[in-house]
Number of protein chains: 2
Amino acid sequence: MTTIEFINKLPILEQELKEALLEHSNISRHEKGDFIIKNNEYIKVLKIVLDGKVRVYQANEDREILIYYLNAMETCTLSLSACFEDCKSTVNAIVEENCSILNIPVRFVRDWNFKYKSWNTFTTNTFRESYNHLINQYSTLAFQPLKDRLFDYLTSKASNGIVKKSHQELARELGTTREVISRLLKNLEKSNRLILGQREIILLEKK
Amino acid sequence: MTTIEFINKLPILEQELKEALLEHSNISRHEKGDFIIKNNEYIKVLKIVLDGKVRVYQANEDREILIYYLNAMETCTLSLSACFEDCKSTVNAIVEENCSILNIPVRFVRDWNFKYKSWNTFTTNTFRESYNHLINQYSTLAFQPLKDRLFDYLTSKASNGIVKKSHQELARELGTTREVISRLLKNLEKSNRLILGQREIILLEKK
DNA sequence: GTATACCTGTGACTTTTGTTACAAGCCTAT
DNA sequence: ATAGGCTTGTAACAAAAGTCACAGGTATAC
C-alpha cells in the first residue's frame, strides 16, 4: 500500500492535511521478527500499519502478555499517546507478518490534532476505542479463569472455526506458559469443544 | 468548591470556554454510598469530581476490581470516552466520601474538543494518562502475584506509612476476596513488613 | 536423508488463589 | 450494657495455575 492509497482510505476530508501527511510521513518496511518498538526506548513517531501484522506486548522475565495486534490500517495507540508527551515505551512491538508502516513524527500529530477536525476525530476515536477495549481485557483477566479466557480468545481469532497458532503463541498472547495452554487445550478437546492438530485448532462451537 | 473556583484551577485560557462551562454545566452533590454511574446505563454527562471521592470499579457476581478512584479535580475518563460515542457504562461508580460533581452534557464536551485548544489538551491528557496507567495495571495484574500487588498497593496508598482500610476494602480494590487478603496480610506481618491493627495497616518499609 | 528447530503431550509436584465454615473482637447507637 | 454490624483470624479443603523434566512428533533446510 502506498501513502496515497492509505490516506484515501482514512476518513480525512481536508486537502491540506492530506498534503501534510504526504510531505511529513514516510513508509518503512519490516521483516518478520523485526522490533518496531522496544521497551524503554523513546518514541519519536506515530506508527500506523499499512499492511502486515505487528504484535504489541508487555514482557516480564519469563512471560509475555498481548496488549494488541496491529493489523492493516491500525494505529499504535501507545505511540499516539507518546506524541503528546515525550516518554519511553513500556512495551515491545514485533513484526509477525512482513509489513509496511507509515511513520509520522510526533510533532505533526500533536499539531494536527487541533488544526484538522478529521485528524482530531481520528486520534480521539483511537484513544476511546483502545481504552474501552483495554478495560474489558482488564476485568476479563481479573475475573475469568484462564480456561475461559483461552476459549473466548480462540473464538475471537478463529476464521471459519479454525485457529492456526501454536500453543506457545497462545501462551504469549494470554500471559501464561506453553504447558498450561497445552493442558487446557487437551481438556477442552476431551470435552468436545475443539479438535487439536499441528499448529491448528478446530473449534466445535459456533460463535 | 464552586464551578468558578474549579474553572480557575483548570488550565483553561479561553474566556469564552470559561463562560460556556459556567453556562452549560451544573454541580450535583452526593452522599457516601450513592451510585454516580451504574453498569449498563447510558452516560449523558462528563463527570468531574470537585471534592470528595468516588470509586469506579467493575464487578462480576462475587468480586469487584478497582478501575480508578476519582479524587478532587479528577475526571472520569470513561464518561469522557462516552462523550464521543453514545454508549452504556461498563462500570459502576460509587461515592466513598461525600462529594460535589461537575456535570457537563456530552455534546458540549465533544464540540469544545475542536473549538478550544485548552479543552483539547485537557481531554487528550486525560485519555493519555488513563491509558498509560491502565496498561501498567494490566501487566501488573498479569504478572505479579497477589502478595506483591497487595504490598505495592498499600505502599502507594499509605500516608505517613499508614493505610486506613479494612481487608474487605482492599479485597474489592484488588479483585479478590477478604479471606485471601487477611491471609496475605498476616503473612506479611509475620515477615515484619507491616503491622496489622483495626482498620489500620502500618508499613515497616520506606518507599 | 538427516540435522535442527519447533511443536505437542504429559506426569508429578508446588505454589497460589478461592471457598467454606466458624469464632471472636471491636465499634457505635440506643 | 447490650445488640447488631462490621472486622479480623484461621483451619481445612478445593481448584487453578505455574514449574520441571522428559519423550516423541513434525516440518524444513541443507
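Here is the naming used below: chain letters follow the sequence lines, and residue numbers restart at 1 for every chain. Values in this document were obtained by computation on a predicted structure and should not be read as measured data. In what follows, every heavy atom counts, from backbone to side chain, and hydrogens, waters and symmetry copies are set aside.
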Calculate the interatomic distance between [X] atom [atom1] and [N] atom [atom2]; express it in whole Å.
| X | N | atom1 | atom2 | answer |
| --- | --- | --- | --- | --- |
| A:L141 | D:dA16 | CG | P | 16 Å |
| B:E169 | D:dC6 | CD | P | 12 Å |
| A:R178 | D:dT19 | CZ | P | 13 Å |
| A:L174 | D:dG18 | CG | P | 11 Å |
| B:L184 | C:dT19 | CG | P | 14 Å |
| B:L150 | C:dT17 | CG | P | 10 Å |
| B:F143 | D:dG18 | CZ | C1' | 14 Å |
| B:L188 | D:dG9 | CG | P | 12 Å |

Tell me, do A:N8 and A:K18 make a side-chain contact under 4.5 Å, heavy atoms counted?
yes
message: With a 4.5 Å cut-off on side-chain heavy atoms, are A:L196 and A:I201 touching?
response: yes
Which of these nucleotides, [options], is closest to any side-chain atom of [X]?
| X | options | value |
| --- | --- | --- |
| B:V180 | D:dT7, D:dG9, C:dT17 | C:dT17 |
| A:S166 | C:dG18, C:dT8, D:dG9 | C:dT8 |
| B:L196 | C:dT10, C:dT16, D:dG9 | D:dG9 |
| B:T176 | D:dT26, C:dT16, C:dG18 | C:dG18 |
| B:R183 | C:dG9, D:dT19, D:dA12 | D:dA12 |

For B:S182 and D:dT10, is the shortest distance between a side-chain N/O and OP1 or OP2 below 4.0 Å? no
Counting just side-chain N and O atoms, does A:R63 come under 4.0 Å of either OP1 or OP2 of D:dG18? yes
Requested in this report: Please check if any side-chain donor atom of B:R128 sits under 3.5 Å from a side-chain acceptor atom of B:N125, or the reverse.
Outcome: yes
Sorted by position of nearest nucleotide on DNA chain C, 5' first, the leading residue of A:R199 and B:P145 is A:R199
Judged by nearest nucleotide, the residue sitting upstream toward the 5' end of DNA chain C, B:L146 or A:K186, is A:K186
**Asked** Checking all strands, does B:N187 fall into the base, sugar-phosphate, or nothing category for heavy-atom contacts under 4.0 angstrom?
**Response** nothing
message = Over all strands shown, is B:D148 touching base, sugar-phosphate only, or nothing at heavy-atom distances under 4.0 angstrom?
response = nothing
Evaluate the ring planes of B:Y131 and A:F127, with Trp represented by its six-membered ring, and classify them as parallel (under 30°), tilted (30 to 60°) or perpendicular (over 60°). perpendicular
By nearest-heavy-atom nucleotide on DNA chain D, the more 5' of A:Q144 and A:E179 is A:Q144
- Message: Less than 6.0 angstrom from the centroid, inside 45 degrees of the normal: does B:R193 satisfy that with respect to the ring of B:F151?
- Response: yes
